[in-house]
Amino acid sequence: MATESGSKRVSASREDYLEAIVELGGTPKQPVRPVDVASKLGVSKASVTKAVASLKEAGMLDQPYYGDITLTSDGYEYGSKVLERHTMLYEFLHDVLGVSAERADDEACLIEHDISDSTAEAWIAYMRNAKRAK
């Protein structure tokens, strides 16, 4: 996610982990199991362990030794923004442009990591207004 506000930035891969944790219901008060993150992303538990260490260092989540993953408030906010961007991009590509569901999902994932904050916010506002106008 390209940030213009000077907030912490993590890699696209780490953004995918934060997004997945939010999708699985993870919040600062609701933990998720690492095995569920691995299953959702189609990766090994070892990959989750490595990503968790990186995200823990970045202040995005907490995990006691081999315990469940709990997002920090920063991690939840970041992951929620990535998910919101993905959802908006998917809906635009699929619902507006008629791109197949699988391709729209794949391409939304690619775009969500590179779009700037200001462009994403403008696009999200546009999509919300378009939905209200229906």
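Only heavy atoms go into these numbers, but all of them, side chains included; no hydrogens, no water, no symmetry mates. Quick caveat, the model's predicted, so the values are computed rather than measured.
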Worksheet, complete the sentence: In short, side chain to side chain donor-acceptor pair (under 3.5 Å) pairs touching residues 92-101 with sequence neighbours left out are none
Determine whether [X] and [Y] fall in the same hydrophobic cluster, where Ile, Leu, Val, Met, Phe, Trp and Tyr are linked whenever their side-chain heavy atoms lie under 4.5 Å apart.
X	Y	value
Val82	Tyr90	no
Tyr76	Met60	yes
Trp123	Val96	yes
Tyr126	Leu93	yes

Discussion item. Quick test of your reading of the model: are Arg85 and Asp117 salt-bridged, counting only N-O distances below 4.0 Å?
Written reply: yes
Practice prompt. Sequence neighbours left out, what passes side-chain contact (heavy atoms from CB on, under 4.5 Å) with Ser13? Give chain and number order.
Written response: Ser11, Tyr17
Fill in: Atom of Val43, atom of Ser47 and distance for their closest heavy-atom approach
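It is CB-CB, 3.9 Å.
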Worksheet item: Looking only at heavy atoms, what is the nearest atom pair of Met88 and Met127, with distance?
Response: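 For Met88 and Met127, the tightest heavy-atom pair comes out as CG-CG, 3.6 Å.
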Starting at [atom1] of [X], measure out to [atom2] of [Y] and round the result to the nearest 0.5 Å.
X	Y	atom1	atom2	answer
Leu89	Glu84	CG	CD	10.5 Å
Lys56	Thr72	NZ	OG1	12.0 Å
Leu61	Asp74	CG	CG	11.0 Å

Discussion item. Once salt bridge (charged side-chain N to carboxylate O under 4.0 Å, His left out) is applied, do any residues pair with Glu107, and if so which ones, sequence neighbours excluded?
Written reply: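 Partners of Glu107 under the salt bridge (charged side-chain N to carboxylate O under 4.0 Å, His left out) test: Arg103.
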Practice prompt. Please write out which residues are connected to Tyr66 in a hydrophobic cluster, directly or through intermediates, given that two of Ile, Leu, Val, Met, Phe, Trp, Tyr count as joined at side-chain heavy-atom separations below 4.5 angstrom.
Written response: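 When side chains under 4.5 Å apart are linked, the cluster holding Tyr66 also contains Tyr65.
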Discussion item. With a 4.5 Å cut-off on side-chain heavy atoms, are Val48 and Ile69 touching?
Written reply: yes
Discussion item. Any heavy-atom pair between the side chains of Asp16 and Glu19 that's under 4.5 Å?
Written reply: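 Sidechains of Asp16 and Glu19: in contact.
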Worksheet item: For atom CZ of Phe92, is the number of surrounding heavy atoms from other residues, nucleotides or ligands below 6.0 Å larger than 12?
Response: yes
Between side-chain atoms of residues 20-36 and protein atoms elsewhere (two or more places apart, or another chain), which donor-acceptor pairs fall under 3.5 Å?
from	atom 1	to	atom 2	distance (Å)
Thr27	OG1	Lys29	N	3.0
Thr27	OG1	Gln30	N	2.8
Arg33	NE	Asp36	OD2	3.0
Arg33	NH2	Asp36	OD1	2.9

Practice prompt. Could you tell me which residues satisfy side chain to side chain donor-acceptor pair (under 3.5 Å) with His86, sequence neighbours excluded, listed by chain and number?
Written response: Asp105, Glu112
